[in-house]
Amino acid sequence: MGILNVTPDSFSDGGLFLGEAAARAQAETLVADGAALVDIGGESTRPGHSPVPAEEEQGRVLPVIRALAARLPVPISIDTYKASTAEVALRAGARIVNDVWGLQREPDIARVAATHGAPVIAMHNRETIDPGLDIVDDMRRFFERSLDIARRAGIPDADIVLDPGIGFGKSWEQHLEALRRLPEIRALGFPLLVGVSRKSLLGRLHDRETRPVDRLHGSIAAHVLAGTLGADIVRVHDVAAHIDAMRVVDAVMRPDRT
């Protein structure tokens, strides 16, 4: 999954792809590099971000989705937790809903997805960090609620992907624990998406100060690890490098996909 942020304040690429022409060019680059999905977001979810009204979020993403839906040979996902944004994005040509609040911030988003026949990605998240939690147990309880919302809305299990939410609502140790214990989340029986690309938790493992764009090697290492532990999709900024790395993972771990 290639990341396309049409925001002024995303932690890594804020402001780079705000204009329709720049966004279109980046999306086409992501696909040319091998992305199987393009995830478009109009509100930064970095730590300390300022919430964006739905109208502003939609003003950022809709022109881009309309411009790309007929041009790209791969599905577009809309990265939003707002039901109204998901509705207009799906009408504009998006085909998947990627919700960083696991369908729980605005549960009507599940009805919207079901009405359009759109698969959903439900990410684990927390309002506050509690280092004392067993984070995987917390994920299980969280995903039980997400799955209940999805099923009541009429979304079939085959259209649900779970995301452990690395980088969201967890201590540094809990991020690593979540990655280490991916097989326990995979055992719930749903495909997994993992996104660690360029995140600050990787920077803590360096012996020097790093900008997000300097964290490619750590991103690849984290996603290769995730792939060996059961992740089906990795959400990344640097598609070409990850394609090379994940082909090795598939050749060893999933030879039927190679």
Can we say [X] and [Y] salt-bridge, meaning some charged N sits less than 4.0 Å from an Asp/Glu carboxylate O?
X      : Y      : value
Asp134 : Arg140 : no
Arg186 : Asp232 : yes
Glu173 : Arg180 : no
Arg141 : Asp138 : yes
Arg198 : Asp214 : no

Testing the basics here: between [X] and [Y], what is the closest heavy-atom pair and its distance to 0.1 Å?
X      : Y      : result
Ile65  : Ala94  : CG2-N, 3.7 Å
Ala150 : Ile160 : CB-CD1, 3.8 Å
Gly154 : Ala114 : C-CB, 4.2 Å
Gly165 : Lys170 : O-NZ, 2.8 Å

Validation row: [X], [Y] side chains within 4.5 angstrom (heavy atoms):
X      : Y      : result
Met123 : Phe168 : yes
Ile185 : Leu192 : yes
Leu147 : Ile149 : no
Pro164 : Val194 : yes
Leu205 : Trp172 : yes
Ile243 : Asp33  : no
Arg66  : Val64  : no
Glu87  : His116 : yes

Determine yes or no for a side-chain-to-main-chain donor-acceptor pair under 3.5 angstrom, with [X] supplying the side chain and [Y] the backbone.
X      : Y      : value
Asp99  : Trp101 : yes
Lys199 : Ile166 : yes
His175 : Leu201 : no
Ser200 : Gly203 : no
Arg126 : Thr128 : yes
Gln174 : Asp130 : yes

Only counting residues at least two apart or in another chain, list the ones meeting salt bridge (Lys or Arg N to Asp or Glu O under 4.0 Å) with Lys82.
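Lys82 satisfies salt bridge (Lys or Arg N to Asp or Glu O under 4.0 Å) with Glu43, Glu57 only.
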Are [Y] and [X] connected in a single hydrophobic cluster, I mean Ile/Leu/Val/Met/Phe/Trp/Tyr linked by side-chain heavy atoms less than 4.5 Å apart?
X      : Y      : value
Val248 : Leu229 : no
Val249 : Leu216 : yes
Val161 : Leu90  : no
Val234 : Val252 : yes
Phe143 : Leu193 : no

When rounded to the nearest 0.5 angstrom, what is the spacing between [atom1] in [X] and [atom2] in [Y]?
X      : Y      : atom1 : atom2 : result
Asp250 : Asp256 : CG    : CG    : 8.5 Å
Asn125 : Glu127 : CG    : CD    : 7.5 Å
Ile96  : Leu37  : CD1   : CG    : 5.0 Å
Leu202 : Arg204 : CG    : CZ    : 11.5 Å
Met139 : Glu144 : CE    : CD    : 14.0 Å
Leu162 : Ile233 : CG    : CD1   : 10.5 Å

Just to verify, what does Phe142 make a ring-ring contact (aromatic ring centres under 6.0 Å, His included) with, not counting sequence neighbours?
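Phe142 satisfies ring-ring contact (aromatic ring centres under 6.0 Å, His included) with His124 only.
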Do Gln58 and Ser84 have side-chain atoms, one donor and one acceptor, less than 3.5 Å apart?
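Yes, Ser84 and Gln58 have a side-chain donor paired with an acceptor closer than 3.5 Å.
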In this structure, which one of Val196, Ile121, Asn98 forms a side chain to side chain contact (heavy atoms under 4.5 Å, CB included) with Arg235?
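In the set Val196, Ile121, Asn98, the residue that makes a side chain to side chain contact (heavy atoms under 4.5 Å, CB included) with Arg235 is Asn98.
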If you look only at pairs with a residue in residues 145-154, which of them pass as a side-chain hydrogen bond (donor to acceptor under 3.5 Å, both in side chains), with sequence neighbours excluded?
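Sorted pair list: Gln104-Arg145, Gln104-Ser146, Asp148-Arg152, Arg151-Asp157.
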Could you walk me through whether Arg60 and Glu20 pass the salt bridge (charged side-chain N to carboxylate O under 4.0 Å, His left out) test, one step at a time?
CA-CA 9 Å; Arg60 295 173 181 175; Glu20 183 181 326; over 6 Å; no
